[in-house]
Trainee: 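Could you have a look at this structure, given as C-alpha cells, before my questions?
Residue numbers begin at 1 in each chain, while the letters A, B, ... track the order of the sequences. Bear in mind the structure is a predicted one, so any value in this text is a computation, not a measurement.
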Amino acid sequence: MDTTHFEEIFEAKLARNEMIEPKDWMPDNYRKHLIRQISQHAHSEVVGMLPEGNWITRAPSLRAKKILLAKVQDEGGHGLYLYTAAETLGISRDELIDQLLTGVAKYSSIFNYPTLTWADIGAIGWLVDGAAIMNQVMLQRTSYGPYARAMVRICKEESFHQRQGYEIMTMMARGTPEQRAMAQDAVNRWWWPTLMMFGPPDAESPNSANAIKWKIKRESNDQLRQRFVNQTLPQGELIGLTFPDKGLTWNEEKQGYDFTAPDWAEFKNVISGNGPCNRERLAMRRRAHDEGRWVREAAQAYAAKNKRYQAVA
Amino acid sequence: MEAIKDSQGAVWEVFIQAKPGQPYRHVGNVHAFDKEMAMQNARDVYTRRGEGTAIWVVPSNYIVASSPEDIGSFFDPANDKVYRHPTFYTLPEGVQHI
C-alpha cells in the first residue's frame with residue numbers, strides 16, 4: 001500500500017502541533033516507539049510500588065503510614081493510566097504484563113536500588129519523583145493524545161509525592177544527629193541513580209533522535225537533567241543537606257550548575273539486570289501475579305455465572 | 001470444570017460528572033469482568049481526589065467512533081450552512097434583547 005499520502009497528513013499534524021489519536025494513521029516505528037516508551041513508563045510505576053511498599057508496615061507514625069499508602073496507591077493508578085494509553089496502540093494488557101514478567105520489557109533502573117532506611121522514602125519522593133515530574137511535565141505536551149492526557153492526570157497527583165518526600169527530608173535534616181546523618185546518607189546513595197533516570201547523554205542516546213523528531217519528547221535527556229540539578233541544589237541547601245559531587249559549581253555563563261556525570265557503566269549494568277535488586281523486584285512481581293491468579297479466575301467465573309442466570313431469567 | 005484462561009478482563013470506558021448538572025466527560029478506561037467491578041475500579045482509579053460525584057462505565061466494544069479518514073466528507077454538510085449561526089443575520093441599528 002502506498003502510504004505517502006497518510007505520511008504527509010501525519011507529518012502535517014505534527015508540524016501544526018496537533019495530537020495524534022489512536023485511530024489516526026501513524027508510521028509503524030512511531031507506534032513501536034510509543035508502545036516501548038509508554039509500557040516502560042507503566043512498568044516503572046508498578047515496580048516503583050515495591051521499594052516504597054517495603055516501608056508501609058514500618059512507617060514511623062500513623063500519619064506517615066497513611067500518606068505512604070496513598071502514595072503507593074497513586075503509583076498503581078499511574079501504572080493503570082499508562083497501560084490503557086499503551087493499549088490504544090493495539091497491544092493487550094495481558095501482553096504488556098507478560099513482557100514485564102518475562103523480562104522482555106524494561107522499567108526505570110532507579111527501582112533496582114534498595115530502600116534501606118526511612119530517609120530513603122524521603123529521598124525517593126524528593127529526588128526520584130522530582131526527576132520523574134521533570135520528565136512528565138514535558139510529556140504533557142507529547143504528540144500522542146492518550147499519553148499526553150495520562151500525563152496531565154499523573155502530574156496533578158505527583159506534586160504531592162514530591163512534597164511529602166521533601167517534608168520527610170526536612171524533618172530528618174532538622175532532627176537528631178542520627179536522623180540528620182540518615183537523611184544525608186540517603187541523598188548520597190540516591191543522587192547518582194536519580195541523575196541516571198533522565199537516560200544516557202544525548203550523544204549516546206539511541207532513541208532520542210526519533211523521539212524529538214516525532215515530538216514524543218520536547219526536550220533532550222541532558223536538558224532535563226540540567227534543569228533538575230538547577231532546581232534541586234537550592235532545595236538541598238535550604239535544609240542543610242549536601243550532594244556527593246565535588247564538581248558541583250555555579251556556572252555564571254550558562255546560568256546553571258556544572259556537575260559530574262554519573263557512572264554510565266553502572267547504569268548499563270543495572271539496566272541489563274545486574275543492579276542490587278533486579279532479581280528481587282521481578283520475583284516479587286511474578287509472585288504477586290501468580291498469587292492473584294485465583295482472584296482473576298474467581299471474578300471471571302462469577303461474571304460468567306451471572307450471565308447464565310440472566311439468560312435464564 | 002473447564003480451565004479458565006488467565007485474563008485481565010475486558011476494557012470499559014469511564015465517564016465522570018465532576019459536579020451535579022455538568023456533562024459527563026470521558027476520563028479513560030479500566031479493566032473489569034463485570035459492571036460492578038468496572039464501577040468500583042473506575043471509582044478507585046479515577047476519583048481518588050473528589051474528581052466526581054457520578055460515574056458511567058460502558059464496555060469499550062459498544063463505543064462506535066467516526067474514522068479520521070472520513071472526517072472531511074462526514075462533517076461536510078455542516079460547513080456550508082452559515083445561516084445556522086446567529087451572526088449571519090443583519091439587524092436594524094438600535095434593536096435590543098435579540
Side-chain angles (χ1 to χ4, degrees), chain A residues 5-6 9-10 13 18-26 69-71 73-74 76-88 92-98 101 145-147 149-150 152-154 156-157 160 289-290 292-307 310, chain B residues 1-18 23-52 55-76:
Chain A
H5 171 63
F6 291 121
I9 297 176
F10 173 81
K13 267 197 172 171
E18 276 177 31
M19 289 201 184
I20 307 300
E21 293 295 336
K23 293 186 85 181
D24 291 340
W25 183 90
M26 60 187 88
L69 266 173
K71 180 177 189 298
Q73 191 190 16
D74 272 356
H78 296 175
L80 293 177
Y81 299 156
L82 288 159
Y83 281 131
T84 66
E87 286 169 75
T88 62
S92 72
R93 179 75 60 92
D94 299 273
E95 283 174 275
L96 289 166
I97 291 186
D98 194 58
L101 299 181
Y147 193 23
R149 292 191 284 273
V152 172
R153 278 198 301 275
I154 289 178
K156 269 188 204 155
E157 301 183 355
F160 128 61
H289 189 74
D290 289 342
R293 188 185 303 272
W294 72 268
V295 178
R296 296 190 294 277
E297 288 180 355
Q300 273 189 84
Y302 180 73
K305 194 178 85 178
N306 275 348
K307 231 182 210 162
Q310 278 161 12
Chain B
M1 198 178 127
E2 90 186 82
I4 294 175
K5 188 181 171 291
D6 193 14
S7 153
Q8 300 285 321
V11 181
W12 298 64
E13 300 301 325
V14 181
F15 300 81
I16 290 185
Q17 186 186 38
Y24 284 72
R25 276 187 62 190
H26 182 247
V27 292
N29 59 42
V30 290
H31 282 245
F33 292 101
D34 58 29
K35 55 189 178 184
E36 286 83 12
M37 188 185 268
M39 189 56 91
Q40 285 167 0
N41 288 353
R43 177 201 59 194
D44 291 347
V45 176
Y46 293 105
T47 63
R48 285 197 303 282
R49 289 173 174 81
E51 288 90 339
I55 301 176
W56 288 347
V57 286
V58 183
S60 289
N61 56 347
Y62 283 95
I63 303 272
V64 182
S66 59
S67 344
E69 307 92 69
D70 310 334
I71 268 179
S73 58
F74 189 71
F75 292 106
D76 187 40

Trainee: Within the side chain of A:Tyr81, is there an N or O that forms a donor-acceptor pair under 3.5 Å with the backbone of B:Gly28?
Mentor: no
Trainee: So with a 6.0 Å cut-off around OH of B:Tyr24, is the heavy-atom count from everything else above 12?
Mentor: yes
Trainee: Using a cut-off of under 4.5 Å for heavy-atom pairs, which of B:Val45, B:Val30, B:Asp44 has the most such pairs with chain A?
Mentor: B:Val45
Trainee: Could you give the distance from CG (A:Asn306) to CD (B:Glu36), rounded to the nearest 0.5 Å?
Mentor: 7.0 Å
Trainee: What part of A:His289 is in contact with chain B, defined as an atom under 4.5 angstrom from a non-hydrogen atom: side chain, backbone, both or neither?
Mentor: side chain
Trainee: Please report the closest heavy-atom contact between A:Ala299 and B:Met37, naming both atoms and the distance.
Mentor: CB-CE, 3.5 Å
Trainee: Output the option from B:Ser60, B:Ser67, B:Ser7 having the highest count of non-hydrogen pairs under 4.5 Å with chain A.
Mentor: B:Ser7
Trainee: Just by modelled atom types, is the B:Asp6 backbone N or O under 3.5 Å from a matching donor or acceptor in the A:Gln300 side chain?
Mentor: no
Trainee: At their closest point, which heavy atom of A:Ala303 faces which heavy atom of B:Asp34, and how far apart are they?
Mentor: CB-CB, 4.1 Å
Trainee: Name the member of A:Glu297, A:Glu21, A:Glu157 that forms the most heavy-atom pairs with chain B at distances under 4.5 Å.
Mentor: A:Glu157
Trainee: Working to the nearest 0.5 Å, report the span between CZ of B:Arg49 and NZ of A:Lys156.
Mentor: 10.5 Å
Trainee: State whether the side chain of A:Arg93 and the backbone N or O of B:Val11 hold a donor-acceptor pair below 3.5 Å, judged by distance alone.
Mentor: no
Trainee: Heavy-atom cut-off 4.5 Å, strictly under: side chain, backbone, both or neither for A:Ile9 against chain B?
Mentor: neither
Trainee: Looking at every non-hydrogen atom in both residues, tell me the closest pair between B:Val27 and A:Arg153 and how far apart they are.
Mentor: O-NH1, 2.6 Å
Trainee: Is it the case that over 12 heavy atoms from other parts of the model lie below 6.0 angstrom from the NZ atom of A:Lys23?
Mentor: yes
Trainee: Where on B:Ala65 is there a heavy atom nearer than 4.5 Å to chain A: the side chain, the backbone, both, or neither?
Mentor: both
Trainee: Stepwise, does the side-chain contact (heavy atoms from CB on, under 4.5 Å) test hold for A:Glu87 with B:His31?
Mentor: CA-CA 11 Å; A:Glu87 286 169 75; B:His31 282 245; 2.6 Å; yes
Trainee: Under 4.5 Å between any side-chain heavy atoms of A:Tyr83 and B:Gln8, yes or no?
Mentor: no
Trainee: NZ of A:Lys307 to CZ of B:Phe33: how many Å apart, nearest 0.5 Å?
Mentor: 11.5 Å
Trainee: Given that the side chain runs from C-beta out, which part of B:Ser66 has a heavy atom under 4.5 Å from chain A: side chain, backbone, both or neither?
Mentor: backbone
